[in-house]
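What follows is a set of notes on a single structure, which appears directly below.
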Amino acid sequence: MKLKSIQIQFLLFIGWIQLASTLVIYDSHVASSCIYFLRKRSWNCSSMGGHMSSSTWECQCHNIEWLGSITNCIHDFANSTAEMNHGYLHIVKRCNGKVGTDFTVDDMISYQENATNYLKDSELFPMGTDVTYPLSISNGVFTWWYKTFRDYNYFISMCQRLGWGAVGYWIGIIGFYGVYNYIGFKYVPYQFKQTVNKYLTYRYDFIFFGLNRLEALICFFFFVLNILLCSIGYNLELNSYLSSSWFLTLDCLSFRTDIIAFSLMPVLYLMGIRNNPFQWLGLMSHNTMIKYHKFIAIIFFILALIHSIIWTAYARSSDGGGFSVWAADAYFYWGIVGTITVGLMFGFSIEIVRNIYYEIFLFFHLSFSVLFIAAMWKHCETLGWMSWVYSMVAILVFDRVCRIFRIFQNGLVNKVKIDIYNEEMIKLEFTQPTGLIFYPGSYVYLHFLEPFYSSWQSHPFSLIRSTKFSNKLIIYLKCKKGITRKLKKNTLSKEYIKVLIDGPYGNFPVSTKNDNKFDEIIGIGGGLGISSILSIFNYRVEYCEKNIMMKNYKLNWLINDLKQLDMIKENLEWLVNKGIKVVIYFTKYEGEHEDYIIQENENILSSDDSNSTDIEKTENKNDNNVDKNIEIKNHKELIENNFIILKYGKPSMDELLPSSEDIKRRVYACGPNRLIKSIRNQVNFLDELQVENHTW
Ligand SMILES: Cc1cc2nc3c(=O)[nH]c(=O)nc-3n(C[C@H](O)[C@H](O)[C@H](O)COP(=O)(O)OP(=O)(O)OC[C@H]3O[C@@H](n4cnc5c(N)ncnc54)[C@H](O)[C@@H]3O)c2cc1C
Ligand SMILES: *[C@@H]1O[C@H](CO)[C@@H](O)[C@H](O)[C@H]1NC(C)=O
Ligand SMILES: *[C@@H]1O[C@H](CO)[C@@H](O)[C@H](O)[C@H]1NC(C)=O
Ligand SMILES: *[C@@H]1O[C@H](CO)[C@@H](O)[C@H](O)[C@H]1NC(C)=O
Ligand SMILES: *[C@@H]1O[C@H](CO)[C@@H](O)[C@H](O)[C@H]1NC(C)=O
């Protein structure tokens with residue numbers, strides 16, 4: 001079943017490539033040079049606006065002499081039938097798009113045939129006199145026009161190729177990740193891999209906004225690539241359209257930036273969606289994708305802004321004829337709407353807003369991404385490049401279709417057993433839908449149907465296989481401020497709730513299929529980050545027990561509330577019985593702070609309270625915390641019977657990950673950023689670190 005959906009994804013992806021490969025502009029330089037040549041004549045127009053102004057087209061497209069002249073010009077100067085038809089199509093699209101005529105290429109052919117009977121030489125109608133016959137244009141007069149417009153068109157198609165270069169960069173990166181994550185890792189020597197990890201992938205410098213050095217390098221090269229793409233190959237001659245070098249430069253730069261920006265749009269959208277073929281092809285995490293998504297968004301915004309500033313400035317200048325002439329055209333103000341939309345999306349995406357209320361961010365992000373497509377649609381309707389816009393629509397639709405497909409595959413409405421442990425902890429348990437493939441590290445998005453009005457939201461949660469019933473899956477859920485909080489309030493008296501399950505998601509490098517190559521496997525979970533670790537550990541016990549010494553596994557769990565232990569006790573006991581060492585650190589038994597305060601290489605253990613056997617002592621120290629001490633007593637039994645070691649106080653990093661220079665360890669970690677950060681600083685050269693993220 002999983003294969004099936006992957007195949008469907010793949011087919012759709014190929015479909016997308018097909019669509020994208022037909023992305024061509026219908027601009028014909030024969031047509032353009034003819035248009036601009038003839039524009040020097042007078043066609044009984046009351047006003048001639050900007051080069052895309054509909055009033056100009058209005059009078060041209062309705063003027064039979066103009067139609068005769070333009071088709072004759074295209075007929076005479078096109079070198080092949082294909083080029084001629086392309087030229088006719090250009091006129092058809094412009095007239096139909098700008099003035100609402102319903103011309104066809106056949107109409108153009110008959111206009112041309114009719115015109116041959118009436119032709120007069122163009123030199124008979126100098127500027128200023130109204131043209132009353134269709135014109136024939138002699139070769140000598142036209143050559144310059146033809147050449148300059150051809151070069152201009154070549155310039156534009158070069159911009160398009162450069163745009164593909166920018167897209168190609170990301171396809172290359174994804175390909176590289178894919179090759180490495182599927183097979184490449186087998187051939188890379190461990191020492192080399194670890195050197196790369198040590199200096200690149202495990203290093204998060206604070207100036208890189210949460211990117212590791214490798215990701216930062218990838219983004220940096222992309223930035224440099226864009227600067228190069230925007231600055232090479234400007235060598236156009238002036239022509240009648242690009243009539244001053246100031247305008248020529250502006251126009252060329254604008255074409256560069258906007259075509260590259262346009263080419264990036266599908267990449268940007270693809271990286272943001274949930275059902276992301278890139279992610280699957282490269283076996284990358286959504287988390288990484290989101291980082292690239294953000295970076296590409298920044299580059300995109302800069303390019304779009306340059307484009308917008310150029311045209312706004314030009315429109316306002318005396319050359320451009322004033323703002324009002326331009327603003328009359330739909331494409332112009334829709335362009336402005338588009339740029340503003342992207343700007344607003346940035347505003348709503350900054351971390352502060354995301355943290356205040358994630359749903360608000362998501363809601364605006366999604367609605368603006370749709371509004372942006374609409375704006376680009378109106379912007380390009382008459383200008384061309386629509387295929388890029390279609391590709392964005394296709395991508396968004398694709399994602400939605402996949403989501404719905406997955407929800408149906410998982411049997412639509414699922415009944416989930418709900419156990420509320422305390423203010424902020426809930427355990428969900430449900431029978432594995434037949435369509436849902438479970439794998440370690442997988443997660444699903446849940447739509448809670450109660451309360452009904454919030455069922456449109458969906459939130460990600462890690463799946464764990466129940467250790468008691470192999471057909472049941474479990475989710476440990478921590479209530480935050482949004483839907484998860486409401487969930488608790490609304491279901492207090494209920495035993496079962498209804499949910500839609502969208503999943504499974506999560507892609508993992510093939511190298512993490514098993515832990516065979518490692519001498520020791522250490523799991524470190526902070527709070528409910530344990531769910532991701534349990535998902536892996538439970539699976540290892542189930543499937544790898546025979547080949548692998550379970551005693552090589554060790555699970556460290558840092559909690560600040562002993563209630564969590566109640567919730568997960570059963571699972572932990574099971575692990576312990578299979579021979580896995582489990583140590584729990586109760587980090588909050590002393591103070592009231594909820595934050596983890598594990599600092600780099602610092603032992604924060606208060607010396608005399610650190611021993612797990614010293615429960616009595618703890619009790620005496622904390623008379624003001626009577627409730628907690630009672631809990632501790634209750635857990636004493638658990639500790640003694642099953643050898644789960646419960647320690648009080650924050651562990652030092654040395655305790656979690658003792659330094660060892662000569663054994664290969666794999667460390668699975670999931671938890672608050674601070675914890676992850678200290679782990680990164682603590683790992684030894686031979687340690688491989690796998691981090692799961694619960695926030696994006
Ligand atoms: C891959 C993954 C696995 C997860 N597994 C678990 C788990 O097993 N148990 C658990 O308790 N929590 C898990 N989480 C976190 C869980 O998704 C959030 O706690 C939950 O969505 C919060 O919902 P809320 O409306 O109460 O959030 P709010 O209080 O509105 O927001 C709190 C924070 O939750 C995150 N968040 C909210 N909505 C989303 C969303 N739709 N997508 C991504 N992040 C969001 C944001 O970082 C936000 O800042 C996981 C997250 C991810 C990304
Ligand atoms: C020019 O335009 C006017 C009004 O738009 C129209 O009445 C007139 O017939 C046109 N002349 C020609 C030669 O098309
Ligand atoms: C043919 O061309 C002439 C000259 O442009 C024009 O007056 C006439 O209306 C055209 N006839 C048709 C059927 O298009
Ligand atoms: C068409 O012919 C002209 C003149 O021979 C030539 O300059 C031009 O490059 C040709 N155009 C194309 C597209 O081949
Ligand atoms: C903690 O326990 C260890 C042995 O487990 C012991 O050697 C040490 O003295 C104890 N420390 C304190 C402060 O009780």
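Remember, predicted model here, so these are calculated numbers, not experimental data. Computed over heavy atoms, backbone and side chain alike; hydrogens, waters and symmetry mates excluded. Residue indices begin at 1 and follow the sequence shown. First listed ligand is number 1; within each ligand, the first listed atom is number 1.
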Of all protein heavy atoms, the one nearest atom 40 (C) of ligand 1 is Tyr358 CE2, 3.3 Å
Nearest non-hydrogen protein atom to atom 26 (O) of ligand 1, with distance, is Thr484 OG1, 2.3 Å
Ranked by distance from atom 20 (C) of ligand 1, the top protein heavy atom is His459 ND1, 3.7 Å
protein heavy-atom neighbour closest to atom 9 (O) of ligand 3 works out as Ile64 CG1, 4.2 Å
The protein heavy atom nearest to atom 28 (P) of ligand 1 is Gly482 N, 3.7 Å
If you compare His694, Arg274, Arg354 by their heavy atoms, the one closest to atom 52 (C) of ligand 1 turns out to be His694
The atoms of ligand 1 lying under 4.0 Å from a heavy atom of Leu477, numbered in the order shown, are 11 (O)
The protein heavy atom nearest to atom 47 (O) of ligand 1 is Thr695 CG2, 3.5 Å
protein heavy-atom neighbour closest to atom 18 (C) of ligand 1 works out as Lys480 NZ, 3.9 Å
Numbered in order shown, the ligand 1 atoms found under 4.0 Å of a heavy atom of Asn693 are 1 (C), 2 (C), 52 (C), 53 (C)
Q) When you check the side-chain N and O atoms of Asn212 and Thr201, is any donor under 3.5 Å from an acceptor? A) no
| said: Under 6.0 Å between ring centres: does that hold for Phe361 and Tyr358? | reply: yes
Q.
Would the distance check show the side chain of Asp419 and the main-chain N or O of Leu428 forming a donor-acceptor pair, the cut-off being under 3.5 Å?
A. no
Practice problem: Could you go through the side-chain contact (heavy atoms from CB on, under 4.5 Å) check for Met345 and His365 one step at a time? | Solution: CA-CA 6 Å; Met345 279 170 100; His365 208 67; 4.0 Å; yes
Please assess Phe368 against Phe372 for the test ring-ring contact (aromatic ring centres under 6.0 Å, His included), listing each intermediate value before the final yes or no. CA-CA 6 Å; Phe368 283 168; Phe372 178 71; over 10 Å; no
Could you tell me whether atom 33 (C) of ligand 1 has at least one protein heavy atom nearer than 4.0 Å?
no
re atom 49 (O) of ligand 1, the protein heavy-atom contact at minimum distance is Asn355 OD1, 3.5 Å
Could Lys468 and Glu570 be called an ion pair, given the rule that one side-chain N must be under 4.0 Å from one carboxylate O?
yes
Q. Side chains of Thr484 and His459: is there a donor and an acceptor less than 3.5 Å apart?
A. no
- Is Arg666 paired with Asp515 through a side-chain N to carboxylate O contact shorter than 4.0 Å? yes
Near Tyr357 (heavy-atom distance under 4.0 Å), the atoms of ligand 1 are 30 (O)
Checking heavy-atom distances from atom 29 (O) of ligand 1 to each of Lys481, Lys486, His286, Arg485, the winner is Lys481
| field | Lys478 N/O to ligand 1 N/O under 3.5 Å | value | yes
Neighbour count >12 (heavy atoms, 6.0 Å) for atom NZ, Lys486:
yes
Would you please test Ser535 and Ser532 for side chain to side chain donor-acceptor pair (under 3.5 Å) and show each step? CA-CA 5 Å; Ser535 164; Ser532 286; over 6 Å; no
Residue, atom and distance of the protein heavy atom nearest atom 14 (O) of ligand 3 read Asn114 ND2, 3.2 Å
Test side chain to side chain contact (heavy atoms under 4.5 Å, CB included), reference Met567, set Leu528, Asp561, Ile530, output is Leu528
**Item:** Arg540 to Phe537 six-membered ring, cation-pi geometry met (6.0 Å, 45°)
**Value:** no
Which is it for Cys73 and Asp76 under the side-chain contact (heavy atoms from CB on, under 4.5 Å) test, yes or no, and what are the steps along the way?
CA-CA 5 Å; Cys73 177; Asp76 285 356; 6.0 Å; no
- NZ or CZ of Arg406 within 45° of Tyr505 ring axis and under 6.0 Å: yes
Under 4.0 Å from one or more heavy atoms of Tyr476, ligand 1 contributes atoms 7 (C), 8 (O), 9 (N), 10 (C), 11 (O)
Within 4.0 Å of some non-hydrogen atom of Phe461, the atoms of ligand 1 are 4 (C), 5 (N), 6 (C), 7 (C), 9 (N), 10 (C), 12 (N), 13 (C), 16 (C)
Note: Ser532, heavy atoms under 4.0 Å from ligand 1, region reported as neither
Item to complete: Measure from NZ or CZ of Lys417 to the centre of the six-membered ring of Tyr496 and say whether it is under 6.0 Å with the direction within 45° of the ring axis.
Response: no
Exercise. For ligand 3, is Pro134 a contact, meaning one of its heavy atoms is under 4.0 Å away?
Worked result: yes
Glu65 versus ligand 3: do any nitrogen or oxygen atoms come within less than 3.5 Å of each other?
yes
Atom 14 (N) of ligand 1 sits nearest the protein heavy atom Pro460 O, 3.4 Å
Note: Tyr443, heavy atoms under 4.0 Å from ligand 1, region reported as side chain
Logged contact type for Leu362 with ligand 1, heavy-atom cut-off 4.0 Å, is side chain
For Ser531, the atoms of ligand 1 under 4.0 Å from one of its heavy atoms are 7 (C), 8 (O)
Ligand 1 atoms nearer than 4.0 angstrom to some heavy atom of Ser458 are 41 (N)
